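The structure appears below as structure tokens.
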Amino acid sequence: MSDRRVRVRFAPSPTGPLHMGGVRTALYNYLFAKKLGGDFLLRIEDTDQARFVPGAEQYIVDALAWCGISPDEGIGVGGRLADHGPHAPYRQSDRKPIYRQYADQLLAAGHAYFAFDTPEELEAIRERAKSAGNPNWQYNSITRTSMKNGLTLPEDEVSRLLASGHPYVIRVKMPRNEEVKFEDRIRSWVSVNTLNLDDKVLLKGDGMPTYHLANVVDDHLMEISHVIRGEEWLPSAPLHVLLYRFFGWEQPEFAHLPLLLRPDGNGKLSKRDGDRLGFPVFPLNWVNEETHETASGYRERGFYPSGFVNMLAFLGWNPGTNQEIFTLDELVEAFSIDKVHRAGARFDFEKATWFNQQHLRQRSPEVLVEEYRAGVQAEYGIAVSEDFAAKAIALFLDRAEFVSDLVGAAPYLFARPDAYEPQTVAKKWTSESGSHLGQLVALWEATDYREESLEAAFKAFLADSGLGFGAVGPVLRLAIAGTTQGPSIFGVMELIGRLECEARVAQAVAQLSPA
RNA sequence: GGCCCGUUCGUCUAGCGGUUCAGGACAUCUCCCUUUCACGGAGAAGAUCACGGGUUCAAAUCCCGUACGGGUCACCA
């Protein structure tokens with residue numbers, strides 16, 4: 001549109017935890033801004049005081065910080081819950097005094113008017129209309145002529161009502177029959193006739209602006225160049241276009257993002273879907289203060305922010321190449337708003353875990369070692385060495401999607417088996433098994449107890465005794481790990497060491513081949 | 001219901017008038033590797049590009065209808 005500096009904003013309302021759809025909206029804004037060398041701001045839209053939820057703002061800031069989506073301006077810069085930037089404050093409740101003058105400006109220009117109808121009166125009218133067969137009564141260019149407002153009341157009556165403190169709102173005076181067109185960056189031209197639009201409230205009875213006024217005023221004041229938001233805003237975009245026109249302001253470019261759909265059935269993914277579908281819908285855990293219920297988050301589920309963000313980016317966007325694994329910085333480089341898909345994207349948790357698996361494998365070894373050690377400490381209360389961690393990771397990385405898999409998949413690295421897989425015992429453990437293991441233990445005694453040596457000695461034993469791998473291998477696994485699943489058993493043995501291995505063999509023999 | 005938006009394998013998507021009887025990824029299945037489980041490798045199956053009309057020498061790609069899906073219709077964002 002113009003050559004002004006790219007400035008975008010993410011403007012959530014603190015009515016609860018931010019869900020993943022919101023995070024994706026923030027992400028696309030961020031990617032767009034960073035790709036174009038612009039600014040990404042976080043503004044809090046808390047004009048509805050009734051719906052304010054304590055902790056929600058902090059949650060939003062924390063969630064974005066975890067994802068690495070860092071605001072340049074507004075709230076949450078540096079992960080802190082404070083205003084930062086030349087257009088402060090960035091919390092709309094703190095900007096309350098600003099909006100009135102703009103509503104007055106519209107009033108003076110004849111683009112808005114006072115309305116004195118109470119919520120109760122409106123409710124009654126809607127009820128009446130509904131029973132008369134009109135399910136959707138609107139305060140619009142037709143009905144306003146029979147309502148209690150600045151357009152129908154005599155001037156002195158309006159002044160009297162205003163002076164007497166009668167509650168009122170300020171509504172936009174929607175033009176009667178006009179085609180409003182704007183070019184959406186993702187959907188191309190969108191056009192709506194004002195016949196279908198109503199006289200939306202701009203300034204509420206409590207003096208607070210509604211979203212429509214606040215968003216237009218703030219976007220203008222904060223020099224926002226592109227409004228990138230969810231598709232649920234598309235129906236009210238024409239109103240916003242009209243407001244820019246009424247104010248005589250340059251209109252930002254619009255881009256309405258496709259919605260995230262539920263994996264089951266239909267409809268958009270909502271906060272209420274929570275854990276009901278077996279996966280988190282929030283980036284971070286959220287504890288409901290009233291019910292004390294916890295809604296689970298991707299972070300606590302073991303996701304890396306990079307994997308989570310990568311997955312989100314691909315829900316509705318694609319670089320046009322076959323590359324799917326991206327870091328945040330790579331996403332910035334590859335991102336283009338024009339490649340955002342138009343249709344809603346159904347979320348698939350399995351693919352989400354695949355993304356994390358890919359990111360797990362791309363972790364640097366040093367970082368992974370530290371994550372592993374911390375995980376083992378937390379899970380088993382054991383401090384393992386870096387060397388141990390590195391070896392364990394090498395052994396288990398191929399079968400893990402999360403760090404927690406690395407830690408949790410092998411409890412037998414940290415404790416003796418307390419049970420032996422019954423099916424395998426029944427199938428593989430014979431009267432000879434104890435003797436075989438005894439001979440192996442003796443053979444291994446002479447080795448350095450490294451994976452290769454253990455395996456070599458094992459093979460030599462098989463050759464000498466004429467036994468097949470199947471006769472002894474599973475038995476050995478059983479004795480050491482209790483299960484037949486897992487990586488090279490010799491690698492596991494090296495890790496846990498000779499003493500422990502011998503003790504485990506003794507335990508298995510005692511339990512499975514009682515003398 | 002009105003208005004708006006959308007519709008390519010089960011899912012996420014590539015494709016922006018011809019070189020595509022549609023490519024990739026996840027999931028599924030088969031085989032190989034591994035006498036385990038994974039990983040990896042090779043392959044298979046899976047989309048008459050929602051349907052119907054046009055436009056064009058030529059359409060998944062452009063236009064119009066229809067169907068279906070979604071969003072939205074508050075002094076909520």
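Computed from a predicted structure; not experimentally measured. So that the names make sense, note that chain A is the first sequence line, chain B the second, and so on, each numbered from 1.
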For [X] and [N], is the shortest distance between a side-chain N/O and OP1 or OP2 below 4.0 Å?
X: A:R361; N: B:G40; value: yes
X: A:H341; N: B:A14; value: yes
X: A:T210; N: B:A74; value: no
X: A:R51; N: B:A77; value: no

Surrounding CZ of A:R399 (heavy atoms of other residues, nucleotides or ligands, distance under 6.0 Å), is the total greater than 12?
yes
Of all the choices, [options], which nucleotide is nearest to the side chain of [X] once you look at every atom?
X: A:V192; options: B:C39, B:A77, B:C3; result: B:C3
X: A:E350; options: B:U72, B:C26, B:G70; result: B:C26
X: A:R171; options: B:C75, B:A38, B:G6; result: B:C75
X: A:F469; options: B:U35, B:C39, B:G2; result: B:U35
X: A:N136; options: B:G1, B:C4, B:G6; result: B:G1
X: A:K351; options: B:C37, B:C12, B:G71; result: B:C12
X: A:P235; options: B:G71, B:C26, B:A14; result: B:G71

Note to self: Check for me whether the distance between the ring centres of A:F335 and A:Y28 falls short of 6.0 Å.
What the structure shows: yes
Is the gap between the ring centers of A:F32 and A:F40 under 6.0 Å? no
Using Watson-Crick or G-U wobble geometry with both distances under 3.5 Å, which nucleotide pairs with [N]?
N: B:A38; answer: none
N: B:U28; answer: B:A44
N: B:U55; answer: none
N: B:C21; answer: none
N: B:C73; answer: B:G1
N: B:A60; answer: none
N: B:C49; answer: none
N: B:C68; answer: B:G6

For [X], answer base if it contacts any base atom (sugar-phosphate contacts may also be present), sugar-phosphate if it contacts only those atoms, and nothing otherwise; contact means non-hydrogen atoms under 4.0 Å.
X: A:T118; result: base
X: A:F314; result: sugar-phosphate
X: A:R342; result: sugar-phosphate
X: A:Q138; result: sugar-phosphate
X: A:K339; result: sugar-phosphate
X: A:R187; result: sugar-phosphate
X: A:P119; result: base
X: A:D117; result: base
X: A:G468; result: base
X: A:P487; result: base
X: A:S13; result: sugar-phosphate
X: A:G473; result: nothing

(Q) One pair to check against ring pair (Phe, Tyr, Trp, His ring centres under 6.0 Å): A:H220 and A:Y244. What are the steps and the verdict? (A) CA-CA 8 Å; A:H220 173 254; A:Y244 282 103; 7.5 Å; no
Rounded distance in Å between the [atom1] positions of [N] and [M]:
N: B:G71; M: B:C32; atom1: P; result: 48 Å
N: B:G54; M: B:A47; atom1: C1'; result: 24 Å
N: B:U20; M: B:A58; atom1: C1'; result: 14 Å
N: B:G40; M: B:U34; atom1: C1'; result: 11 Å
N: B:C62; M: B:C49; atom1: C1'; result: 15 Å
N: B:U61; M: B:G17; atom1: C1'; result: 7 Å
N: B:G69; M: B:U56; atom1: C1'; result: 31 Å
N: B:A45; M: B:G2; atom1: P; result: 45 Å

Rounded to whole Å, the CG-P distance (A:L259 to B:C4) equals 18 Å
Per-nt protein contacts along nucleotides 59-68 of chain B (heavy atom under 4.0 Å; B base, S backbone sugar-phosphate only, - none) come out as ----------
Does the side chain of [X] come under 3.5 Å of the side chain of [Y] through a donor N or O and an acceptor N or O?
X: A:N310; Y: A:H359; answer: yes
X: A:D199; Y: A:Y113; answer: yes
X: A:Y90; Y: A:D218; answer: no
X: A:D117; Y: A:N149; answer: no

Using the ring of each side chain (for Trp, its six-membered ring), is A:F182 parallel, tilted or perpendicular to A:H256, with breaks at 30° and 60°? perpendicular
Which of A:Q251, A:R43, A:H240, A:H226 passes side chain to side chain donor-acceptor pair (under 3.5 Å) with A:D219? It is A:R43
When you measure only distances, ignoring hydrogens and angles, does the side chain of [X] come within 3.5 Å of the base of [N] through a donor and an acceptor?
X: A:D348; N: B:C12; value: no
X: A:R399; N: B:C39; value: no
X: A:R346; N: B:U11; value: no

Test A:E401 against A:N356 for side chain to side chain contact (heavy atoms under 4.5 Å, CB included), laying out the working first. CA-CA 6 Å; A:E401 288 172 327; A:N356 198 262; 5.6 Å; no
Residues of residues 318-326 of chain A with a heavy atom under 4.0 Å from any atom of RNA chain B, listed by number, are A:N318, A:N322, A:E324
Note to self: Looking at A:D198 and A:K200, is there a salt bridge between them, counting it only when a charged N and a carboxylate O are closer than 4.0 Å?
What the structure shows: yes
Is A:K268 salt-bridged to A:E231, going by a charged N under 4.0 Å from an acidic O?
no
Kindly indicate, with the supporting measurements, whether the criterion side chain to side chain contact (heavy atoms under 4.5 Å, CB included) is fulfilled by A:L437 and A:L476.
CA-CA 7 Å; A:L437 290 179; A:L476 175 61; 4.0 Å; yes
